[in-house]
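Below, each value reflects all heavy atoms present in this structure, side chains not excepted, and no hydrogens, waters or symmetry copies. Numbered from 1 within each chain, the chains take letters A, B, ... in sequence-line order. The model shown is predicted, which means the values in this text are computed figures rather than measured ones.
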Amino acid sequence: MLQVPFIRENQDLVIARLAKRNIDATKMISEAIELDEERRKTQTELDNTLAESNALSKEIGMLYKSGKADQANAIKDRTAQLKEDSKALTEKLNNTSEKLEELLFKIPNVPHESVPAGNTDEDNEEVFREGDIPVLHENALPHWELAKKYDIIDFELGNKITGAGFPVYKGKGAKLQRALIGYFLDKNTAAGYQEVQVPHLVNEASGFGTGQLPDKEGQMYHVTEDNLYLIPTAEVPATNIFRDELLKEDELPKALTGYTPCFRREAGSYGAHVRGLNRLHQFDKVEILRVEHPTRSYQALDDMVAHVKSILKELKLPYRILRLCGGDLGFTSALTYDFEVFSTAQDRWLEISSVSNFETFQANRLKLRFKNSNGKSELAHTLNGSSLALPRVLAGILENCQTEKGIKIPDALVPYTGFDYIN
RNA sequence: GGAGAAGUGGCAGAGUGGUCGAAUGCACUGGUCUUGAAAACCAGCGAGGGUCACACCUCCGGGGGUUCGAAUCCCUCCUUCUCCGCCA
């Protein structure tokens, strides 16, 4: 959620930057400013009414004490009127505030100046590429065929137990999955991220805090009996650790990492792009997350990108980094870098990580602040990224590392798997 | 799931209808003293809205109510603790 004072002072900039998302925000912005003015005006009126009422109540108290009940009762007529007034004003204030909030919930984050304008993923800007694309043998297969051939992932079994998009990992497939989780967590903790284990279901307030609610509830599984949501990413519970927190400046930065399963309803896609591991309703992900001082958040974003790079380099997977264009940028993000691994057998790029700076957008909803050197409360910046998402890394490994002898496990993972081939 | 108790500032903990945003202690910040530190002493020290700055307003788990007036009384929800039941 954007901050109203910021909108007020940077109206033109906000509109120009939101245009990168192909949004004409002119109307929303001026409406927000009007609503805020009305809100403040009403608030002042209400405050004055309450001030008078408070003063009179004190007077009544003193009159009663000194035995002047008649005078006290005389004043009560006036307080009754004030009470009515304040009731009406409170209602008006609540209405205005609600309208304003509803509007603010609809306005996405202001993209960073470096975000390219554009509509679709074709307008994303490639900023880095590394790793050799392997030359595969003639009989190379896509990962869903490999999964079947070596009996390591069973999609049909998942269909039976739950439904499409809930695969069962078996044998060395399950072990490889567990190895990747352990490997990623070790990498992240070695880089200074504190490991956490967080709930996999969250309440409504948490969904609001990170921006999944109120607009995107359709993307989450909802346990209506208890009004809880299955997390779509560890970002939700992990970021909400800091909801309603006022940190000390020297407590920053906070850096966390955590493994969780992720649940996504993901309606609407079909075809080869969602085959196999490409798109699932349940998948595993290891997330990194930072709470940063505003002056350092872009440095931190670069650090996170460098960290993910180092992992992919060690796994020797061919990958590229994209700076997302305005049209492809997530609702809450100011700047996002996507990592994609090249899947040789599918001849396409698979997104495996998304690293974002949300600036104060989430912090404003979360009321995540720190006490700055002037002793004032200031919103912190939040960032997060996948480090890394499992299924597509797994797909990348299966497809890129297939040989005539079987799947050759990357050296860095062998200590975690305990085997070097799947065959 | 059943019965009981409780939720107050960073922490501990007073306050049970009137000048209480809230005693006191600890922690923290600044100062005096000291070669330095500690101790002692003095001062400051919750959050949000609002204002150029004040004033002023709101907040004592959340929401609602009674009253001229609520941290204090009532309703409701949530959470924690104790006992019982069930259980990985």
Side-chain angles (χ1 to χ4, degrees), chain A residues 1-9 32-101 103-104 197-209 213-214 223-229 237 240-252 254 261 291 360 362-380:
Chain A
M1 189 164 63
L2 296 176
Q3 301 171 81
V4 179
F6 177 81
I7 296 177
R8 205 188 310 144
E9 284 156 35
I33 291 171
E34 274 169 37
L35 281 170
D36 182 57
E37 262 162 32
E38 194 184 330
R39 198 209 93 229
R40 274 155 45 222
K41 205 179 121 229
T42 312
Q43 173 93 64
T44 306
E45 278 178 60
L46 175 62
D47 285 358
N48 291 338
T49 309
L50 290 174
E52 190 181 346
S53 174
N54 287 343
L56 289 177
S57 288
K58 280 183 188 172
E59 206 179 324
I60 289 171
M62 289 197 286
L63 286 170
Y64 272 128
K65 248 184 198 167
S66 52
K68 297 170 184 162
D70 305 354
Q71 288 181 44
N73 287 328
I75 299 177
K76 282 192 189 178
D77 291 341
R78 175 66 185 149
T79 57
Q81 179 62 46
L82 288 171
K83 205 173 176 183
E84 255 176 58
D85 292 352
S86 68
K87 211 167 186 175
L89 285 167
T90 303
E91 203 173 311
K92 189 177 171 196
L93 179 66
N94 289 343
N95 281 338
T96 312
S97 303
E98 253 170 58
K99 264 195 224 161
L100 176 60
E101 188 158 73
L103 179 61
L104 289 174
Q197 285 193 14
V198 291
H200 300 167
L201 281 82
V202 294
N203 58 26
E204 230 173 7
S206 293
F208 270 100
L213 297 175
V223 182
T224 52
E225 181 82 13
D226 299 293
N227 198 23
L228 297 173
Y229 294 86
N240 274 282
I241 288 175
F242 302 104
R243 172 153 49 88
D244 292 321
E245 287 293 320
L246 178 55
L247 302 168
K248 291 183 185 137
E249 192 166 25
D250 61 13
E251 288 181 271
L252 296 175
K254 296 276 191 182
V291 179
T360 59
Q362 286 183 330
N364 192 30
R365 287 185 170 208
L366 292 160
K367 298 207 175 14
L368 163 49
R369 299 149 300 159
F370 69 98
K371 198 70 122 177
N372 67 22
S373 44
N374 300 324
K376 290 230 171 182
S377 297
E378 188 177 340
L379 292 174

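In this model, no donor atom of one side chain and acceptor atom of the other lie less than 3.5 Å apart for A/Asn94 and A/Ser97. A donor and an acceptor atom, one from each side chain of A/Gln81 and A/Asp85, are located under 3.5 Å apart. Side-chain contact, A/Gln3 with A/Asn364: no donor N or O sits under 3.5 Å from an acceptor N or O. Inspection of the A/Glu91 and A/Asn95 side chains reveals no N or O donor paired with an N or O acceptor under 3.5 Å.
Within the 4.5 Å cutoff, the side chain of A/Phe370 has no heavy atoms near those of the A/Glu245 side chain. In this structure the side chain of A/Leu93 reaches within 4.5 angstrom of the side chain of A/Arg39, judged on heavy atoms. The side-chain heavy atoms of A/Asn227 and A/Asn203, taken from C-beta on, include no pair separated by under 4.5 Å. Annotation: side chain of A/Leu366 is not in contact with side chain of A/Asp244 (no heavy-atom distance under 4.5 Å).
Base pairing analysis places B/A22 opposite nothing; no Watson-Crick or G-U wobble pair with both distances below 3.5 Å involves it. The partner of B/A88 cannot be assigned: no Watson-Crick or G-U wobble pair with both contacts below 3.5 Å exists in any strand. Of all nucleotides present, none satisfies the Watson-Crick or G-U wobble test against B/A37 with each distance under 3.5 Å. Pairing partner, B/G46: B/C59, with both Watson-Crick or wobble hydrogen-bond distances short of 3.5 Å. B/U72 makes up no base pair with any nucleotide shown, lacking Watson-Crick or G-U wobble contacts both under 3.5 Å. Partner assigned to B/C81 is B/G4, using Watson-Crick or G-U wobble distances below 3.5 angstrom. B/C54 is unpaired under the criterion used here, namely a Watson-Crick or G-U wobble arrangement in which both key atom distances are under 3.5 Å.
The distance between atom CD of A/Glu245 and atom C1' of B/G46, rounded to the nearest whole Å, is 14 Å. Rounded to whole Å, the distance from CD on A/Glu249 to P on B/U29 is 14 Å. One interatomic measurement links the two molecules: NZ of A/Lys41 to C1' of B/U51, which rounds to 17 Å at whole-angstrom precision. Going from atom NZ of A/Lys376 over to atom P of B/G46 covers 14 Å, rounded to whole Å. Rounded to a whole Å, the CG atom of A/Leu82 is 13 Å from the P atom of B/C57. Computed from coordinates, the A/Arg39 CZ to B/C57 C1' distance equals 12 Å when rounded to whole Å. In this entry the distance linking CG of A/Leu246 with P of B/C45 reads 17 Å, nearest Å. Here the P atom of nucleotide B/G50 and the CD atom of A/Glu38 are 15 Å apart, to the nearest Å.
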Contact pattern, 5' to 3', of nucleotides 58-81 of chain B - B, S or - by protein heavy atom under 4.0 Å: S--------BBS------------
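For B/U35 and B/G49, the P atoms lie 47 Å apart once the distance is rounded to whole Å. Distance noted for atom C1' between B/G17 and B/A22: 15 Å (whole Å). Annotation: B/G48 and B/C54 have their P atoms spaced 14 Å apart (nearest Å). For the C1' atoms, the distance linking B/G15 with B/G30 amounts to 30 Å, nearest Å. Comparing the same atom, C1', in B/U67 and in B/U72 gives a spacing of 13 Å after rounding to whole Å. A gap of 12 Å separates the C1' atoms of B/C57 and B/U51, to the nearest Å. For the P atoms, the distance linking B/C59 with B/G21 amounts to 10 Å, nearest Å. Remark: the separation of the P atoms in B/U66 and B/A71 is 16 Å, to the nearest Å.
Scored by the salt bridge (charged side-chain N to carboxylate O under 4.0 Å, His left out) test, A/Glu249 finds no partners at all (sequence neighbours excluded).
No more than 12 heavy atoms of other residues, nucleotides or ligands lie within 6.0 Å of CD in A/Gln197, so this atom counts as exposed by the packing criterion.
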Tabulated below should be each protein N or O lying under 3.5 Å from an N or O of nucleotides 15-17 of chain B; please produce it.
none

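Along RNA chain B, the nucleotide nearest A/Asp36 and the nucleotide nearest A/Arg369 are compared for position; the residue whose nucleotide lies closer to the 5' end is A/Arg369. If A/Glu378 and A/Ala51 are placed on RNA chain B by their nearest nucleotide, the residue sitting closer to the 5' end is A/Glu378.
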Apply side-chain contact (heavy atoms from CB on, under 4.5 Å) to A/Asn240 and A/Val202, showing your working. CA-CA 9 Å; A/Asn240 274 282; A/Val202 294; over 6 Å; no
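An OP1 or OP2 oxygen of B/U51 is reached within less than 4.0 angstrom by a side-chain nitrogen or oxygen of A/Arg40.
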